[in-house]
Amino acid sequence: MKITAIETQVCHARMRNWIFVKVLTDQSGLWGWGEATLEWHTRSVVGAIEDISQLLVGEDPRRIEHLWQMMYRQHFWHGNGIVRGTAMSGIDIALWDILGKVHGVPCHQLWGGRVRDFVRLYCHLGGGKMEDFYETKCEDAKRFGELAHCAVAEGFTAFKSMAVPETAPIEGLQPLRYAEACIKAMREAVGDSVDIMVDCHARPSPRMGLQFAKALEPYGLYFLEEPCWPETMEDIALIQRSVKTPIATGERLVGIHAFRELFEKRAASVIQPDITHCGGLTEARRIAGMAEAYRVALAPHNPQGPVSTAASLELGFATPSYVICESVHNDVPWRQDVVTEGFVVEKKGRIVFPNQRPGLGIEINEGEVKKHPFQQETLQRSFHKDGSVGDW
Ligand SMILES: [Mg+2]
């Protein structure tokens with residue numbers, strides 16, 4: 001069995017371009033689907049996949065670890081940067097899809113079988129329409145309460161919001177009071193039985209991140225995400241030591257070595273590797289194994305397209321420390337035209353039952369993909385009040 005070609009198919013899905021990766025083989029009807037979506041870097045990733053594919057064409061797709069080592073180590077530059085990491089992740093996911101199809105079992109069966117009966121989903125407030133949400137500036141905490149109420153009405157028992165405003169490296173009380181008011185409104189809207197997460201998008205400085213973490217501690221967040229830049233783990237570790245709220249991070253980290261540092265510094269209680277960036281399912285499973293040793297929970301980053309979600313769920317059904325799956329369920333109305341999925345979502349409670357189909361259980365309708373060709377992602381620039389550059 002040999003790989004004959006690796007193709008990319010770009011599908012513009014409003015906020016981002018989904019990059020689907022198709023690994024073809026010399027066996028009739030046998031191919032695998034992966035995803036390598038990386039916002040604002042679509043052309044770079046498509047090019048990187050073309051470069052890496054030269055290493056793999058003609059190789060046996062079932063030798064996944066061997067091929068992963070080739071993708072990571074060969075051609076001198078290691079696969080620890082975001083573009084190459086994303087490219088090899090997309091290919092790796094497709095190889096696991098192929099292996100599941102070869103053996104006629106879902107991927108989670110390949111990894112030791114099912115460790116849970118269902119996986120819980122969480123949503124973003126605004127139902128995936130986050131750019132609309134930002135445009136409102138949402139200066140009214142009441143709106144957070146209303147959106148929280150809507151999420152619960154849609155069946156979710158957990159949701160995430162971006163209720164922490166952008167701040168300069170040091171600011172006074174106003175942004176802290178604003179964030180507190182927003183979280184208070186959400187908590188009052190949904191009560192204690194619903195889990196609330198807050199994503200800081202790594203925009204605060206370490207000291208502002210610490211202040212936000214302290215201010216929001218009384219509201220019992222399920223986790224507080226990226227309270228400051230991931231470049232310095234000591235800063236995140238200091239915040240985690242200072243509050244009982246679980247701190248989550250990891251969506252921008254590539255490879256097991258970055259996560260090793262995070263674990264060694266006890267920087268987070270929840271890790272969020274992105275399976276389409278961190279090195280694919282192969283590396284995500286290694287990271288999950290290391291997380292097990294530190295009793296750290298796993299909640300992979302997954303705002304992208306349907307293959308990423310299928311990969312996250314397969315991992316979740318085979319990984320004990322996996323606690324919840326991020327879902328963007330309402331980003332484009334034609335999502336179900338592009339993909340058929342093997343898993344089943346129960347609307348009440350928003351839980352997912354396992355895929356029974358081989359591999360990732362997913363098929364992409366290539367004709368539908370062609371209806372949504374590449375479009376440049378909307379420019380997202382952020383500046384502080386004085387005109388200096390902020391983080392988006
Ligand atoms: Mg995030």
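Counting starts at 1 for both ligands and their atoms, in listed order.
- Residue contact annotation: Asp199 places an N/O/S atom under 2.8 Å from the Mg ion (ligand 1).
- The atom of Glu225 nearest to the Mg ion (ligand 1) is OE2, with the search restricted to N, O or S atoms.
- Nearest N/O/S atom of Glu251 with respect to the Mg ion (ligand 1) is recorded as OE1.
- Counting heavy atoms from C-beta on, the side chains of Phe263 and Ile271 come closer than 4.5 Å.
- Figure legend: Arg286 and Tyr72 shown without cation-pi pairing, the cationic atom not lying both under 6.0 angstrom from the six-membered ring centre and within 45 degrees of its axis.
- Residues Thr282 and Trp96 have side chains in contact (heavy-atom distance under 4.5 Å, counting atoms from C-beta outward).
- The pair Arg357-Glu363 fails the salt-bridge criterion, with no side-chain N (NZ, NE, NH1 or NH2) lying under 4.0 Å from an Asp/Glu carboxylate O.
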